[in-house]
Amino acid sequence: MKTKLILLFAILLAAASCSTTEPIPEPVDPIAPTASSTDLSTPEPTENSGNHLELPTPVVGTVALDFSERPCSASWSNNGEYLPCPGNLDEISGGYADRFDTIMIEGDIHINQPGLLTIPAQNDSVFYAIFGKYPPFTVQAGDHFQAVLACAEGYPNCDVSFSLEYVASNNTILQVPGAKWDKRYDPKGGYIYADAILDSLSGQTIQFILTVRDNGDAGDDHAVWIMPHIARLGSAATDAIPPHQLNVTNIKTVNVAGIVDMSSAPPYLYDDHPPGSPASVILFDLDSDMFFTASTMNTHPYFSLDVDPGQYYVLAYSFGVQDVPYVSGAFTGVEPSCGQPMAVLNVLPDTPVTNLVINDWNWSCGGTAERIEKPEEVSIP
């Protein structure tokens, strides 16, 4: 299957090794930056200012990627472990990420537009920061990253660094030139308009990473990304996005959640660290060449992601041994299952899918049932 991931309005994270998550290296800020960013202070008051602020909404047809539309299409992690998505605000020790539709930011300003709330790993954790790695995206000339950045209201000691990073072709993590913004809580509402030119990446297919690092104490670091997106301006805007996807109000995604069951997988994936090794979960759209991805970790085999209504094959991929690069398990609709064909998952509008089980690894019975090859651009955690 030809692999191409189109994400309209989505979000971030960094890579890990096969059996344990390696610390994410600090990004390299390339020499002689060719991109720029706009870091503006609070604009003059308008008729919408005060306790409510209505920010400019991107023009329909100019958004090539919306990071907040499908936050769980990204892999979220700190520098040492994967994080569940959506996150749980009662369990933020390792970090937190999820979408919001409305939020209060510093200065008691009410925002009624979508975005992401991200919280880096806390002081009681051995880890730091939070990273959201999105599926592959091809940058075009003239593309910009744009967002409004702020601290959430009620966290006066918030002091963070926002940055836009990416995974280069050699798997090095780099910072987009000029795309780093430091933010401290401002009781007067000093939010930042971020604008980074992406021309230096034009023509490259990369994975963007939304990153938040604390500046010494993460206790109050509730970092807000309002309408983070890739703006595609000029004639390329509507040419690059199928017309039916231009108006996000016409797309209502459906959540698919479940578990990767490795109890019948090759023993090295399960015996040494039950409930199983980390895996990449992929939903392949049968009506197009799109796919949607999520990740599990060895202590949390559950996954959750938002997809368009449609028909899908659902597979999980984990690391192989010796000359076998990876092994795959499939959703077959049968429990227990070994050597059974892939089942079609019908995702209906307004009907979330829960308790989906990926459990057929073609192993214990020596099965040979057909499985889809793992897309090259999808890494195994």
Side-chain angles (χ1 to χ4, degrees), residues 1-5 7 13-22 72-77 81-85 133-136 167 171 205 207 256-286 289-305 307 312-333 337-345 353 356-364 367-381:
M1 173 182 294
K2 180 182 177 183
T3 58
K4 178 179 67 176
L5 179 59
L7 274 179
L13 159 58
S17 68
C18 295
S19 59
T20 59
T21 306
E22 294 292 334
C72 295
S73 68
S75 296
W76 291 91
S77 72
E81 61 183 0
Y82 280 93
L83 302 174
C85 184
K133 182 175 72 173
Y134 282 81
V167 181
N171 288 325
T205 298
Q207 290 184 269
V256 176
I259 185 172
V260 177
D261 180 359
M262 290 189 173
S263 58
S264 63
Y268 69 87
L269 291 174
Y270 181 84
D271 289 352
D272 293 339
H273 30 68
S277 300
S280 291
V281 176
I282 303 181
L283 273 68
F284 293 93
D285 188 343
L286 303 189
D289 54 4
M290 293 172 57
F291 60 80
F292 299 84
T293 68
S295 296
T296 67
M297 53 187 177
N298 54 7
T299 59
H300 190 86
Y302 302 95
F303 63 90
S304 174
L305 68 170
V307 303
Y312 297 88
Y313 285 138
V314 186
L315 290 97
Y317 301 87
S318 194
F319 64 94
V321 292
Q322 297 179 355
D323 59 345
V324 178
Y326 64 84
V327 294
S328 59
F331 163 68
T332 65
S337 181
C338 183
Q340 299 297 312
M342 298 176 293
V344 174
L345 175 67
V353 177
L356 188 75
V357 180
I358 302 173
N359 63 343
D360 193 322
W361 297 86
N362 268 337
W363 175 259
S364 58
T368 58
E370 181 182 6
R371 301 290 184 253
I372 300 172
E373 292 185 3
K374 182 184 71 67
E376 292 184 0
E377 59 265 46
V378 176
S379 60
I380 295 174

**Message:** Among residues at least two apart in sequence or on other chains, which ones pass side-chain contact (heavy atoms from CB on, under 4.5 Å) with Thr296?
**Reply:** Val260, Ala279, Val281, Phe303
**Asked** If you take all heavy atoms of Met262 and Pro278, which pair is closest and at what distance?
**Response** CE-O, 4.3 Å
**Message:** Within 45 degrees of the ring normal and closer than 6.0 Å to the centroid, is that where the cationic atom of Lys374 sits relative to Tyr326?
**Reply:** yes
**Prompt:** Where do Ala265 and Trp363 come nearest, in terms of heavy atoms and distance?
**Reply:** O-CD1, 3.8 Å
**Where Ala369 and Asn362 come nearest, the two heavy atoms and their spacing** = O-ND2, 2.9 Å
**Asked** Is a side-chain N or O of Ser280 found less than 3.5 angstrom from the main chain of Ser379, in a donor-acceptor match?
**Response** yes
**Request:** Check side-chain contact (heavy atoms from CB on, under 4.5 Å) between Pro341 and all other residues, then give those that pass, not counting sequence neighbours.
**Result:** none
**Asked** Would you say the side chain of Val344 lies within less than 4.5 Å of the side chain of Tyr313, judging by non-hydrogen atoms?
**Response** yes
**Fill in**
Here the gap from Phe331 atom CZ to Leu283 atom CG, rounded to the nearest 0.5 Å, amounts to 10.0 Å
**Request:** Just grab all the side-chain hydrogen bond (donor to acceptor under 3.5 Å, both in side chains) pairs involving residues 256-267, residues at least two apart or on different chains.
**Result:** Asp261-Ser263
**Message:** So, taking the atom named CD1 in Ile282 and the one named OG in Ser295, what distance separates them when rounded to the nearest 0.5 Å?
**Reply:** 9.0 Å
**Message:** For a 4.5 angstrom cut-off between non-hydrogen side-chain atoms, does Val378 reach Phe291?
**Reply:** yes
**Message:** Between Asp360 (side chain only) and Cys338 (backbone N and O only), is there a donor and an acceptor less than 3.5 Å apart?
**Reply:** yes
**Message:** Looking at every non-hydrogen atom in both residues, tell me the closest pair between Trp361 and Pro266 and how far apart they are.
**Reply:** CB-CD, 4.3 Å
**Message:** Using 0.5 Å steps for rounding, measure from the CZ atom of Phe284 to the CD1 atom of Ile372.
**Reply:** 5.0 Å
**Request:** Decide yes or no for Ser73 and Pro135: does some side-chain heavy atom of the first lie under 4.5 Å from some side-chain heavy atom of the second?
**Result:** yes
**Complete:** Heavy-atom nearest pair, Arg371 first then Met342, reads NH1-CG, 3.7 Å
**Request:** Say whether, by atom type as modelled, one donor and one acceptor occur between the side chain of Ser318 and the main chain of Val327 under 3.5 angstrom.
**Result:** no
**Prompt:** Is it the case that Thr332 and Ser337 place a side-chain donor and acceptor less than 3.5 Å from each other?
**Reply:** yes
**Request:** Take the angle between the ring planes of Tyr268 and Phe319 and call it parallel below 30°, perpendicular above 60°, tilted in between.
**Result:** tilted
**Request:** Give, for atom CH2 of Trp76 and atom SG of Cys85, the distance between the pair rounded to the nearest 0.5 Å.
**Result:** 7.0 Å
**Asked** Could you give the distance from CD1 (Ile358) to OH (Tyr317), rounded to the nearest 0.5 Å?
**Response** 9.5 Å
